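As structure tokens, the structure follows; a few thoughts come after it.
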Amino acid sequence: MDRRRRRRVPSGTTEQSCRRPTQGQQRPAMSRRYNHAQVQEYWQRVWEREGVYECPDDAPDPTYVLGMFPYTSGSLHMGHIRNYVITDGYARYRRMCGDDVLHPIGWDAFGLPAENAAHDHHTDPESWTETCIARMREEMGEMGFGYDWSREIKTADPSYYRWNQWLFARFYEAGLVEYKSATVNWCPDCETVLADEQVDDRDGGEVCWRCGTPVGRRDLDQWFFTITDYAEELHAGLDDLEGWPESVRDIQRNWIGRREGARVAFEVPGYGELEAFTARLDTICGATYLAVSPGHDLAATLAAEDDAVADYVEAVGNGAEEAGTTGVETDLAAVHPVTGAELPVYVAAYVLDDVGTGAVMGVPAHNERDHAFAVSQDLPIEGVVEPVDGSGTNLPAEPYTEEGMLAGSGEYDGLASAAARERMLDDLDAAHPDVTYRLRDWLISRQRYWGTPIPVVHCDDCGPVLVPDEELPVELPEFVQSTGNPLAENDTFVETACPECAGPARRETDTMDTFVDSSWYFLRFLSPEFEDGPFDPERADEWMPVDVYVGGEEHAVLHLLYIRFFTRALADIGLVDFREPVDRLINQGTVLYDGEKMSKSSGNVIAPHEYGAETTRLFVLSAAHPEQDFEWTAKDVTGAYEFQQTLYGMVDAFVERAAVRRERAAHDDYVDREIDRTIAAVTEDYERIGFHQAITGIRQLARLLRRYRDYETPHEAVYRRGLRTLALLVAPMAPYLAEELWNMLRGEGLVVAADWPTPRTDTDYRIERRLVEATLDDVRDIVDVVDIDDPAEIELAVAQDWKYRAYRIARDADPGSAVVGQIMDDETVSAHGEAAADYAAALQERQPGLEPVVDGDRELALLERAAWLFEDEFGADVTVRRASDGDDLAARAKPNKPAIHIR
RNA sequence: GCGAGGGUGGCCGAGCCUGGCCAAAGGCGGCGGACUUAAGAUCCGCUCGUGAAGGCGUACCUGGGUUCGAAUCCCAGCCCUCGCACCA
């Protein structure tokens, strides 16, 4: 449709003309542009001088907003930006709401890449790391992140890592540390071992999470944290973590891998008892053999005298994958605890050391792997479970792995699988309920320099001995370039005296996995200078847990599992009184470019400042909700840039040429209420951390204010309030811009420290908005359909009061009751005769779907305030009035649906 | 295979928890207009179909169901993404 019709007719002949003095006199294109780069330094200085981001130590219970602190890799990338833009926005919002806010930042400064970089750049890890930190700190400033820098921490600082050592000692005393020889993952490129969590599966092979090098195995004496002690609790606790994304909880559940079942003891004459774990005790009568892993004690025992076993164990080595269904029969036989039958005992590579007990009862009929093994070893297959529906099985060709009804199991025949398991557990002395976990202990030893030295001394006489607390920290010696572990080659570091016997001893040369550093850093932020412990326990009790924690999902089973473990361990040591560290977790999504994750290796990285730091902030927040991936498009970034300019231009124009009005008119009230509505809506969006929605609300208000400004000279107070509201609402997302706007608008103090706006009136804005929108739509429809070229007058008639009364009665009526009767029982309604009866009938028909409405007087006032929108859009005079019986519009007017007449 | 999360208009993407005010926000693209010598920028409007008074039709992956009423709740299926998987 041709919208020229809809333009306001220029300069009217009516009384309205006096209300449009500024029309047609819009300012020329913006005279000034907002330039974030020119103002950032100024505001940074002011913020710093005012200490606006510092959280006072005596705050009762600040809102703790935290982003996963960055590894000091050299410069911020888009993933960091997205992460910290979210925490910054939310922290700023909470601060403006009046909360004390703890929003700290620090540096995950230890780690192997610094050693590599030191090598490449002919420097040392410490200097390299410092350089990186300096650069990243500056970039954070540019981005406008409002951190409490007085709490900055750095894990590579002895004043930090001494507490890693101190905690190691406490864990050691509490029995949470083990030193054992283990077959561990070894990355030949990083020249260090890796925790299970740090080994990725890629194309069927196991590779190092950092460098992608295929991982091998080595047997080494290593330090472990016994996270498995908490397997049950870590698993159970997931159910209560309602503030965490389901996906993370799910990943952790998988990782912990809790399995309920039974432990069955098989008597093996000549060896002793052999225990097997099974989740399918009901299939026990189908067991036709036993098998143990090549690493099982039984295998080791037999290997000593049985060459076949020894050869097999040797041949299979660690390559269980290639060994397939191979195995070797031993001379032993086990006694079946139910049937008393003799079962052959095998050593088989498909049985894994670290799953269950490292031994299985082989039930070929009901387990895929056992079936494959039995077929290849020519073992009998005996079905003991059948489908309840009688559908039969493909035994012996294929195993039947579903649950069902027992058969061939003597007294248990006819029982359902679950029932059979229960009965067997009760009956059999050899079977006990048991739970196994996939989770393994956390290997924390690393054969690298740039990490926390493990505070242990090895003495030939006393064994491993803790370094006494008063000698902590065990500081890293100066870095020397070397091929292996620089610590091991440093004699002055290694050679020491045993703290117990004072004899000659050697220091442990392994350092800790850097995930130890990050497992409690959120506690150090509470009291970064605390000298008597890693953190002030009283403050921890008051301030923890973290209210909102934001970071990437890739840490689901690493960092996010470790912090849950640490917190529990700390609780059991008595340092804290809570067991979960994080209330609400947000995993920010990925920023894509051409459909690919932005990454150095893809060569599609956009630097944060490339489009302007604050534009990037705004764009990243407006593009999608925090958890969602989104595509970086230059076009959309431009949109964010222009939005800043629009806001700036509006405020600039207002303060530069202040043609304003003082008498208040109806449409000022409309705008005033619309400001309230925006505040209510945007506040809701911030609460839900829906920045993209908040921006939409802000944009809408800005558009309305522009229209208001252009409609006629704006009312000084209303317009200024509107603009100030824009500045306040956008402040958490674009703080520099907001300060500029606030300053131009002569707002009091700093906008980042200002009070969050509150609506002055009630905020059931949805009904009101809907009413105005629907009426505008109706007018558009009519103008369109009837093809009225140039409407001269629009008349809106609000329904008679008795209709509201009838409407209310209909809404309140029980569904299905005689609505017409109830309405017509009301005299004030029935007095209106046939019209009332007709309307009552119409209401009855729609009764279940009647929506809430505002009452007649309010509707009238609302439309009067909104009349300018009609005037502005259609260029017509607008009359709003109450309909009364007998006038031509009365019949069509309904509650919240005024009759419309257009001429 | 098991588990989790998703499939919305030209595209991106809200909404779904708490069913009706949803032909479905906002952005981008497209179209038209204002302003301009022109272009750019900026601003305004339109952007499922149809209709001579606010109506009707079709539409939120597909098919069923619940309900007076479903993008929203339930069931089944298809497809996509991710996690786990020789786990006994």
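Each chain gets a letter, A, B and so on, in the order its sequence line appears, and its residues count up from 1. This one's a predicted model, so the numbers in the text were calculated from it and none came from an experiment.
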(Q) Return a single string for nucleotides 6-16 of chain B, one symbol per nucleotide in 5' to 3' order, where B is base contact, S is sugar-phosphate-only contact and - is none, cutoff 4.0 angstrom on heavy atoms. (A) -------SS--

(Q) Return a single string for nucleotides 70-76 of chain B, one symbol per nucleotide in 5' to 3' order, where B is base contact, S is sugar-phosphate-only contact and - is none, cutoff 4.0 angstrom on heavy atoms. (A) -------

Would you tabulate the nitrogen or oxygen pairs shorter than 3.5 Å linking the protein to nucleotides 81-85 of chain B?
{"from": "B:C84", "atom 1": "O3'", "to": "A:Arg438", "atom 2": "NH1", "distance (Å)": "3.2"}
{"from": "B:A85", "atom 1": "OP1", "to": "A:Arg438", "atom 2": "NH1", "distance (Å)": "2.2"}

Might you list the N or O atoms of the protein lying below 3.5 Å from N or O atoms in nucleotides 55-58 of chain B, with each pair's distance?
none

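Shown here are the side chain to side chain donor-acceptor pair (under 3.5 Å) partners of A:Asp282, two or more places apart in sequence or in another chain: A:Arg280, A:Ser417, A:Arg421. Residues meeting the salt bridge (charged side-chain N to carboxylate O under 4.0 Å, His left out) test with A:Asp636, sequence neighbours left out: none. Here A:Glu553 pairs with A:Ser247 under the side chain to side chain donor-acceptor pair (under 3.5 Å) rule; sequence neighbours left out. Judged as a salt bridge (charged side-chain N to carboxylate O under 4.0 Å, His left out), and not counting sequence neighbours, A:Glu627 has no contacts. With sequence neighbours excluded, the residues that form a side chain to side chain donor-acceptor pair (under 3.5 Å) with A:Thr228 are A:Asp441. Partners of A:Lys897 by salt bridge (charged side-chain N to carboxylate O under 4.0 Å, His left out), not counting sequence neighbours, listed by chain and number: A:Asp778. Judged as a salt bridge (charged side-chain N to carboxylate O under 4.0 Å, His left out), and not counting sequence neighbours, the contacts of A:Asp777 are A:Arg780. Shown here are the ring-ring contact (aromatic ring centres under 6.0 Å, His included) partners of A:Tyr34, two or more places apart in sequence or in another chain: A:Tyr648.
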